[in-house]
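Residue numbering restarts at 1 for every chain, and letters A, B, ... go by the order of the sequence lines.
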There are 2 protein chains.
Amino acid sequence: MRRRTDLLSGKPAPERADAARNRAKVLRAAAGLFATRDPRGVTMDEIAKAAGVGRGTLYRRYPDTGSIALALLDEYERDLQERLLRGEPPLGPGAPPGRRLAAFYAAMVGLLEKHGHLVLGAEAGRMRYASGAYGFWHAHVRALLVAGAVPDPDALTDTLLAPLAAEVYLRQRERGLTPGRIAAALARLAEGVLPPE
Amino acid sequence: MRRRTDLLSGKPAPERADAARNRAKVLRAAAGLFATRDPRGVTMDEIAKAAGVGRGTLYRRYPDTGSIALALLDEYERDLQERLLRGEPPLGPGAPPGRRLAAFYAAMVGLLEKHGHLVLGAEAGRMRYASGAYGFWHAHVRALLVAGAVPDPDALTDTLLAPLAAEVYLRQRERGLTPGRIAAALARLAEGVLPPE
DNA sequence: AATCAAGTGGACATTGTGTCCGTTTCTGAC
DNA sequence: GTCAGAAACGGACACAATGTCCACTTGATT
């Protein structure tokens, strides 16, 4: 039997009890480390030590620190994704695209404020685009552009997502900007691209 | 005498002949390496080997590969900076701010197309903001926003520069977008924020 | 309670970093 | 020209982190 799989349903076997326990330990320890020091300096070894598991155990599941950060992020981001799809306007469906984009921006600012350091820990660069979450944001923004009848939405989507890069956001915060001002600036951007009516 | 300096003018002593020779060798070798493989994989050791200099020599001038990439970039960027300050409109002074911003975007797309891989080699993340060049772009965009009487220009500046991150640009290129389409999208962004008159 | 795949953990080889310091090469003075 | 001191050089070294490997343990299944 290859990889203990239910051959009928095709579902993977459930996670073993000790594995689940360790997964939790790892994530908890990693969250602590990422929050404490500069996330980019966190090492696989440290996480293993902090979680009280062996090196090999850690590598079994996560190839590098970035994917651990990503795993943590996914948890946080899922909630926002839900609200985008089925929440109240203007975040959810119902409001005009420009408004929705601005609301999305505001929500993302909230996320970045809380978890920006984590995104940074995900060795942002290329990694970010690999994340499932990025694909989701991309699809969302693109849909809004299409709804707003903007020309060549494909070319604008990544452009409009760029200011949400953690480096950019944290940079702005360091410059002394408040989340509110940043969100306001993004709202103006949204209205500039997707004018009302 | 501390660091062989002209005490009257305060100018640093001229570079020694062997030093200059090695500097050139290093930059040439590094440019080759960065262009060939993934710039993020290039190592200090490799550069030293390729340049035919010792490890210590390399470290004397550059603390890491990122600053070597930055040194190469600075050279390329200086030309554009010149044209922004004193060139013909719409890039240089004279055109309305929206136009100038769009022209700036177009020029940057050109730069990214040629040297995007290098920017990537500069370990983009935080490093980028440390570069003198970034400060320059920032000042330029900010001035345009002020000229256009946009509210809270400080909050918008980094936001508008974000789409010019090398990761974003290269990502778009990988998606199949042409430089032209990307520049056009950026132009629309510029006009959205700085509408004509 | 027996079986065995899945999971564990730490030792190991490897690779890159950054520093240190004895040696070589320049430059300006005489 | 040659001499002296400063600056630059380069490779050896100590260290840190990576990722792999495999003998051992644990948990689910019968």
Would you indicate whether [X], at its atom [atom1], is surrounded by more than 12 heavy atoms from other residues, nucleotides or ligands within a distance under 6.0 Å?
| X | atom1 | result |
| --- | --- | --- |
| E88(B) | CD | no |
| K25(B) | NZ | yes |
| R99(B) | CZ | no |

Nearest-Å distance for atom pair [atom1]/[atom2], residues [X] and [N]:
| X | N | atom1 | atom2 | value |
| --- | --- | --- | --- | --- |
| R40(A) | dT18(D) | CZ | C1' | 20 Å |
| I47(B) | dT17(C) | CD1 | C1' | 13 Å |
| Y62(A) | dT8(C) | OH | P | 11 Å |
| Y59(A) | dA6(C) | OH | P | 23 Å |
| D64(A) | dT20(D) | CG | C1' | 15 Å |
| D45(B) | dT19(C) | CG | P | 15 Å |
| L58(A) | dG7(C) | CG | C1' | 13 Å |
| K49(A) | dA16(D) | NZ | P | 12 Å |

Closer than 4.0 Å, any side-chain N/O of [X] to the OP1 or OP2 of [N]?
| X | N | value |
| --- | --- | --- |
| T57(A) | dG9(C) | yes |
| N22(A) | dT8(C) | yes |
| R60(B) | dA8(D) | yes |

Considering heavy-atom distances to DNA chain C, does R55(B) or D18(B) have its closest nucleotide positioned more toward the 5' end? R55(B)

With sugar-phosphate meaning primed atoms plus P, OP1 and OP2, does [X] contact a base, only sugar-phosphate, or nothing at under 4.0 Å between heavy atoms?
| X | result |
| --- | --- |
| R21(B) | sugar-phosphate |
| R61(B) | sugar-phosphate |
| T43(B) | sugar-phosphate |

With ring centroids as reference points, do F34(B) and H117(B) lie under 6.0 angstrom apart?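 No, the ring centres sit 6.0 Å or more apart.
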
Do T159(B) and Q172(A) have side-chain atoms, one donor and one acceptor, less than 3.5 Å apart? yes

Hey, is the side chain of R16(B) pairing donor to acceptor with the base of dA8(D) inside 3.5 Å?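 A donor-acceptor contact between them is absent.
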
Which nucleotide sits closest to the side chain of A19(B): dT18(D), dC9(D), dG18(C)?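 Out of dT18(D), dC9(D), dG18(C), the nucleotide with an atom closest to A19(B)'s side chain is dC9(D).
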
